Structures are given as C-alpha cells and as structure tokens.
**Student:** 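For reference, the structure I am asking about is given below.
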Amino acid sequence: MTATEPVDLTVADLHPALGDPALTSMNFLNEVSERYPAAVSLAAGRPYEEFFDLAAVHRHLDTFHKHLTDDLGHSSEQARRLLLQYGRTKGIVHHLIARNLAVDEQITVDPEAVVVTVGCQEAMFLVLRALRAGPEDVLLAVAPTYVGLTGAARLVDLPVWPVAGGPSGVDLADLSVQVRRARAAGLRPRACYVMPDFANPSGVSISAEDRRRLLTLAAEEDLLLLEDNPYGLFHSADGPRPPTLKALDTGRRVVYLGSFAKTVLPGARVGYVVADQRVAGPDGRVGPLADQLAMIKSMVTVNTSPIAQAVIGGRLLENGCSLVAANTRERSAYTRNLRHLVTGLRRRFPGRAAVRWTVPAGGFFVVVTVPFPVDDALLDRSARDYGVLWTPMAHFYDDTAPVCALRLSVSAVTPQQIDVGLDRLTALITDEVARRAG
C-alpha cells in the first residue's frame with residue numbers, strides 16, 4: 001500500500017493504548033534484534049537454550065498422561081479427551097501447581113484458587129481487567145516497572161502511578177504517600193505491583209524485613225499486592241531464599257503471579273495466577289477471586305493449551321513438583337554469567353565513578369548507569385556500528401524524562417559472548433563520552 005491509497009482506519013480510530021510507547025517497546029526491541037542478527041545480545045531476558053531438549057517434551061507429555069490414568073483414575077478415553085479437547089478454563093495442572101508452591105515456596109493454597117494462563121502476561125491482564133471497575137481506579141507500581149505490566153494496564157484503561165523503588169526494592173514511605181495522594185484526588189488505588197526477587201529491570205530484591213513491612217502497610221491501607229515472581233529460583237547467594245510475599249500473607253492481601261517460562265520451557269507459554277481473595281457474588285455466594293478471573297479468561301483465550309500444560313505437569317511430576325531441584329543447571333549457569341558480567345564491568349571501568357552498575361544477588365539483569373542519556377537511537381547505533389544490543393532503561397519508566405542507564409541481561413549468552421559484548425559496549429561508552437566532551 002502506498003501513502004496515496006485510501007485507508008479504512010487511522011490509529012486515532014482505535015484504542016488509545018495502541019499508540020502508547022508501552023505497547024511498542026517490545027516490538028521495537030525485537031525488530032532491532034532482527035535487523036542486526038550478528039550483534040551480541042545482552043538485551044533479551046530469554047532462558048538459557050543450552051539445556052533445551054525436544055525429546056524431553058515428549059517424555060513430559062507421556063509422564064502427565066500416565067499421571068491422569070494411574071494416579072487420577074481417568075480411563076484412556078477420558079485422558080485422551082482431557083489432553084486433546086477444549087479444556088477446563090482454570091486449567092488441568094492446578095493441583096500440581098499447588099503442590100509445587102507448597103514444596104518450593106511453602107505457600108499453602110487451594111488448587112481452586114489457581115488459574116492456569118497463557119503465560120504470566122495473560123495472568124496480569126486478567127487481574128488488571130478484574131480490578132479496573134471504574135475511571136477512579138488506579139494501579140501503583142514500583143518504578144522502574146516491567147513494561148508488560150504497564151502495557152497491560154493501558155489496554156484496560158487503568159492508570160499506573162509510580163512508586164519509588166531505590167536500592168531497597170520499594171520505598172515504603174513513598175508507597176504510603178502515593179496511596180494517600182491518590183485518595184486525596186478522589187481516586188481508588190486498587191493494588192501495588194511488585195517484583196520482590198531480582199526485579200525486571202532493576203535486578204533489585206526486597207529484604208525479608210521489608211516484605212513484612214510491605215504486607216503490614218498493605219493491610220493498613222486496604223491495598224492488594226500483585227507479586228510477580230519469574231526469577232525467584234535463580235539466586236546466586238548461598239543460604240536460604242527469603243520467603244515470597246505470598247508465603248508471608250496471612251490476610252489474603254497478595255495476588256501471586258507465576259510463570260514456567262524461565263523455570264521449565266518458554267515455548268509452552270504457561271503461567272498462572274493464585275487469587276484466593278474471597279468475592280461475594282450477587283446471590284450471596286462467596287468464592288475465590290480466581291473464579292472471576294476464569295470468567296474473564298473464558299472470553300479471552302477460552303483455556304490454556306492442555307498439551308502445553310501437560311508438558312509442564314510432566315516436568316513437575318518428574319521432579320517431585322520441585323522446580324528448585326529441576327533448575328540446578330540453569331541456576332548455576334545464570335550465577336556464573338552474572339558474576340562474569342560484574343567482574344567484566346569492574347575490569348573495564350576501574351575507578352570510573354561516571355559509569356556505575358548494580359550487583360544483584362541473582363536473576364538475569366544488571367543496570368549500568370552512564371554519564372549521558374540512553375535512548376532507542378543510541379541502541380540502534382550500538383547495534384549497527386558496535387555490534388552489541390542492550391535495553392534502554394527509559395522503556396521501564398512511565399514518562400519522557402531522559403534516563404542515563406541501560407539494562408544488560410546475562411540469561412541467554414555464554415561467558416565468551418559476555419566478554420565480546422562488554423568490549424563492544426565499552427567502546428560505545430568511551431566514544432560517546434568523548435563525542436559529548438568534544
């Protein structure tokens with residue numbers, strides 16, 4: 001189509017979110033990667049591919065099928081129908097997810113409070129769609145914020161109010177201020193979105209003490225917490241992991257968002273939401289919020305692929321429903337890469353206060369602060385002229401102010417690729433500082 005040919009619609013005729021940067025960020029980053037396939041990518045938060053095993057997919061499916069017949073007592077015909085026909089909206093591996101949460105996270109949850117979703121992204125969308133009851137509703141989110149959350153909120157017309165994060169993961173005083181500020185403006189803060197473990201994009205974690213304070217504050221302010229936990233298993237420090245917010249939650253304040261993309265298989269596209277908050281219906285009957293989310297899901301994706309769920313279920317069954325045990329190799333690889341990246345930054349920028357970086361205790365991401373604004377144009381030039389990809393941190397803030405920082409990911413690369421990527425990034429930073437000084 002040329003510019004002179006007639007069109008049926010303009011973007012102005014569509015939902016206003018479709019022109020929002022939050023919805024274009026992921027597409028832009030993917031397009032840059034496709035345009036420069038030879039560039040070393042320190043941008044993508046994809047899982048490590050070395051351990052992908054196609055044969056294991058078939059084995060997991062067989063394991064889950066055997067579980068249906070041998071453990072749950074389904075006939076061969078029932079098992080076949082369960083796997084190949086349209087399925088239960090809430091999912092068919094909800095009981096295994098509940099067992100996994102009990103084993104790995106010490107979370108006790110009724111399987112009926114679990115909705116299995118098409119990735120965690122759908123889980124976010126369902127929760128936000130349910131919480132957005134009217135134009136006065138707003139969502140609080142710790143900044144910088146995962147762009148997928150911001151984009152989903154845009155699509156359901158739910159404004160996002162930033163809460164300061166900082167080195168502690170969440171500024172509790174600022175959260176309290178933002179809640180009261182919203183209410184003073186006649187608005188209703190419905191929930192606060194947090195990623196307590198190795199957050200995307202900051203890599204920062206919330207301490208166990210601050211998690212308890214956050215739950216106390218949520219109760220005092222009558223606020224839900226949306227806990228997103230895709231990276232919690234990948235801690236690099238020795239010793240026990242801090243408990244999730246949901247494990248500490250005694251008042252049903254936490255809606256827990258989970259994903260198997262990082263811990264089992266991204267191609268399966270299976271996530272889930274634990275929503276055990278009690279909801280009274282118009283007939284007076286009380287059920288979990290999960291029931292309401294399932295009604296929304298039935299109008300969005302109908303159900304999550306039973307075959308994909310079976311692959312996840314089989315992997316869980318083969319590991320005693322523990323993903324900690326199932327991800328020993330992956331955790332080791334991510335820990336190795338994270339330490340290699342941080343060591344590489346120290347070696348390349350010794351004593352240069354103008355270039356700083358975070359040192360996360362696990363997860364995928366390191367944030368590098370530089371003495372100049374970082375934007376998409378610089379990323380494009382970095383990929384084209386220097387052969388290295390990264391993510392501008394500006395994508396994770398909900399305003400247009402310049403951001404002098406970028407995010408590096410260690411999850412999908414080898415130590416050798418990290419070295420090459422850091423050499424190229426160092427050249428870019430050095431040249432950019434010189435260019436601006438001259």
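Numbering of residues begins at 1 and proceeds along the displayed sequence. Quick caveat: nothing in here was measured; it's all calculated off a predicted structure.
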**Student:** Tell me, with the steps shown, if Leu338 and Val366 meet side chain to side chain contact (heavy atoms under 4.5 Å, CB included).
**Tutor:** CA-CA 8 Å; Leu338 185 60; Val366 170; 3.6 Å; yes

**Student:** Between His67 and Phe64, what is the ring plane arrangement, given parallel below 30°, perpendicular above 60°, and tilted in between?
**Tutor:**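 Aromatic pair His67/Phe64 classed tilted.
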
**Student:** Pair Arg59, Asp62 - check salt bridge (charged side-chain N to carboxylate O under 4.0 Å, His left out), show working.
**Tutor:** CA-CA 5 Å; Arg59 188 183 72 245; Asp62 289 340; over 6 Å; no

**Student:** Just checking, is any N or O donor in the side chain of Ser205 or Asp197 under 3.5 Å from an acceptor N or O on the other one?
**Tutor:**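 Asp197 and Ser205 do not have a side-chain donor-acceptor pair below 3.5 Å.
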
**Student:** Would a distance-only check, ignoring hydrogens and angles, find a side-chain to backbone donor-acceptor pair under 3.5 Å from Arg129 to Arg132?
**Tutor:**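 A pair under 3.5 Å: yes.
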
**Student:** Judged by modelled atom types alone, do Asp174 and Gln178 share a side-chain donor-acceptor pair under 3.5 Å?
**Tutor:**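 There is such a pair between these side chains.
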
**Student:** Hey, are Asp419 and Arg348 close enough for a salt bridge, meaning a charged N less than 4.0 Å from a carboxylate O?
**Tutor:**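 Salt bridge flag = yes for Arg348 with Asp419.
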
**Student:** So, for Phe364 and Arg46, which heavy atoms are closest and what is the spacing to 0.1 Å?
**Tutor:**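 Taking every non-hydrogen atom into account, CE2-O, 4.3 Å.
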
**Student:** Could you tell me whether the side chain of Trp161 reaches within less than 4.5 Å of the side chain of Pro189, counting heavy atoms only?
**Tutor:**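 Side chain of Pro189 against side chain of Trp161, heavy atoms only: no contact under 4.5 Å found.
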
**Student:** Keeping the roles fixed (side chain from Gln106, backbone from Val103), state whether a donor-acceptor pair exists under 3.5 Å.
**Tutor:**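 It does hold such a pair.
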
**Student:** If the plane angle is over 60° it's perpendicular, under 30° parallel, otherwise tilted; pick one for Trp357 and Phe349.
**Tutor:**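 Tilted.
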
**Student:** When you look at CZ of Arg99, are more than 12 heavy atoms from neighbouring residues, nucleotides or ligands closer to it than 6.0 Å?
**Tutor:**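 No, not enclosed.
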
**Student:** Using atom types as modelled and distance alone, determine if a side-chain donor or acceptor of Asp104 lies under 3.5 Å from a backbone N or O of Leu323.
**Tutor:**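 Between the backbone of Leu323 and the side chain of Asp104 there is a qualifying donor-acceptor contact (under 3.5 Å).
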
**Student:** Which is it for Glu77 and Arg80 under the salt bridge (charged side-chain N to carboxylate O under 4.0 Å, His left out) test, yes or no, and what are the steps along the way?
**Tutor:** CA-CA 5 Å; Glu77 178 61 24; Arg80 183 172 71 92; 3.0 Å; yes

**Student:** Return the minimal non-hydrogen interatomic distance between Thr117 and Lys297, and the atom names on each side.
**Tutor:**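 Taking every non-hydrogen atom into account, CA-NZ, 4.0 Å.
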
**Student:** Show the nearest heavy-atom pair for residues Thr69 and Ala79, with the distance to one decimal.
**Tutor:**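 Reported closest heavy-atom pair: CG2-CB, 3.9 Å.
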
**Student:** What are the two closest heavy atoms between Gly232 and Arg241, and how far apart are they?
**Tutor:**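 Shortest heavy-atom contact: O-CD, 3.2 Å.
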
**Student:** Give a yes or no on whether the backbone of Gly91 and the side-chain of Thr304 come within a donor-acceptor separation of less than 3.5 Å.
**Tutor:**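 It does not hold such a pair.
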
**Student:** Between Thr328 (side chain only) and Ala325 (backbone N and O only), is there a donor and an acceptor less than 3.5 Å apart?
**Tutor:**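 A pair under 3.5 Å: yes.
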
**Student:** For His395 and Ser25, work out which heavy atoms get closest and say how close.
**Tutor:**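 Of all heavy-atom pairs spanning His395 and Ser25, the closest is ND1-OG, 2.7 Å.
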
**Student:** Quick one: sort the Phe260 and Tyr272 rings into parallel, tilted or perpendicular, breaks at 30° and 60°.
**Tutor:**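 Ring orientation, 0 to 90° scale: tilted.
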
**Student:** Can you name the closest pair of heavy atoms from Leu226 and Ala191 and give their distance?
**Tutor:**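 Nearest pair, atom of Leu226 first, then Ala191: CG-CB, 3.9 Å.
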
**Student:** Short question: side chain of Thr89, backbone of Asn303 - any donor-acceptor pair under 3.5 Å?
**Tutor:**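 Flag not set: sc Thr89 to bb Asn303 has no pair under 3.5 Å.
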
**Student:** Indicate yes or no: at least one non-hydrogen side-chain atom of Val160 is less than 4.5 angstrom from one of Tyr193.
**Tutor:**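 The answer is no; the side chains never approach within 4.5 Å.
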
**Student:** Do the side chains of Lys246 and Asp276 get close enough for a salt bridge, i.e. N-O under 4.0 angstrom?
**Tutor:**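 A salt bridge is present here (some side-chain N lies under 4.0 Å from a carboxylate O).
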
**Student:** Does Ser41 reach the main-chain N or O of Leu389 with its side chain, forming a donor-acceptor pair under 3.5 Å?
**Tutor:**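 Checking the backbone N and O of Leu389 against the side chain of Ser41, no donor-acceptor pair under 3.5 Å is found.
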
**Student:** Hey, are the side chains of Pro201 and Thr391 touching, using non-hydrogen atoms and a 4.5 Å cut-off?
**Tutor:**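 Answer no - side chains too far apart.
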
**Student:** Apply side chain to side chain contact (heavy atoms under 4.5 Å, CB included) to the pair Lys262 and Asn327, showing each step before the final yes or no.
**Tutor:** CA-CA 9 Å; Lys262 308 300 190 295; Asn327 280 270; over 6 Å; no

**Student:** With ring pair (Phe, Tyr, Trp, His ring centres under 6.0 Å) as the criterion, how do Tyr231 and Tyr334 come out once you've worked through the C-alpha distance, each side chain's angles and the decisive distance to 0.1 Å?
**Tutor:** CA-CA 11 Å; Tyr231 310 103; Tyr334 298 143; 9.2 Å; no

**Student:** Walk me through whether Trp390 and Val374 qualify under side chain to side chain contact (heavy atoms under 4.5 Å, CB included).
**Tutor:** CA-CA 10 Å; Trp390 34 265; Val374 174; 3.3 Å; yes

**Student:** Among Asp249, Asn229, Thr244, Asp228, exactly one meets side chain to side chain donor-acceptor pair (under 3.5 Å) together with Tyr256. Which residue is that?
**Tutor:**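 Going through Asp249, Asn229, Thr244, Asp228 one by one, the side chain to side chain donor-acceptor pair (under 3.5 Å) with Tyr256 is satisfied by Asn229 alone.
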
**Student:** Tell me whether Asn100 contacts the main-chain N or O of Cys321 through its side chain, where contact means a donor paired with an acceptor under 3.5 Å.
**Tutor:**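 The answer is yes, because a donor-acceptor pair under 3.5 Å joins these two groups.
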
**Student:** In terms of side-chain geometry, is the basic nitrogen of Arg435 or Asp431 positioned less than 4.0 Å from the acidic oxygen of its partner?
**Tutor:**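 Looking at Asp431 together with Arg435, the answer is no, because their closest N to O distance does not fall below 4.0 Å.
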
**Student:** Enter the distance from Leu289:CG to Arg278:CZ here, rounded to the nearest 0.5 Å.
**Tutor:**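 Between Leu289 CG and Arg278 CZ, I get 13.0 Å after rounding to 0.5 Å.
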
**Student:** Show your working on salt bridge (charged side-chain N to carboxylate O under 4.0 Å, His left out) between Lys66 and Asp71 and close with a plain yes or no.
**Tutor:** CA-CA 8 Å; Lys66 191 171 186 294; Asp71 299 337; over 6 Å; no

**Student:** Within the distance-only criterion (no hydrogens, no angle test), does the side chain of Arg154 pair as donor or acceptor with the backbone N or O of Asp20 below 3.5 angstrom?
**Tutor:**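 Not confirmed, Arg154 side chain does not pair with Asp20 backbone.
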
**Student:** Give a yes or no on whether the backbone of Phe365 and the side-chain of Arg407 come within a donor-acceptor separation of less than 3.5 Å.
**Tutor:**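 No; judged by distance alone, with no hydrogens or angles, the pair does not exist.
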
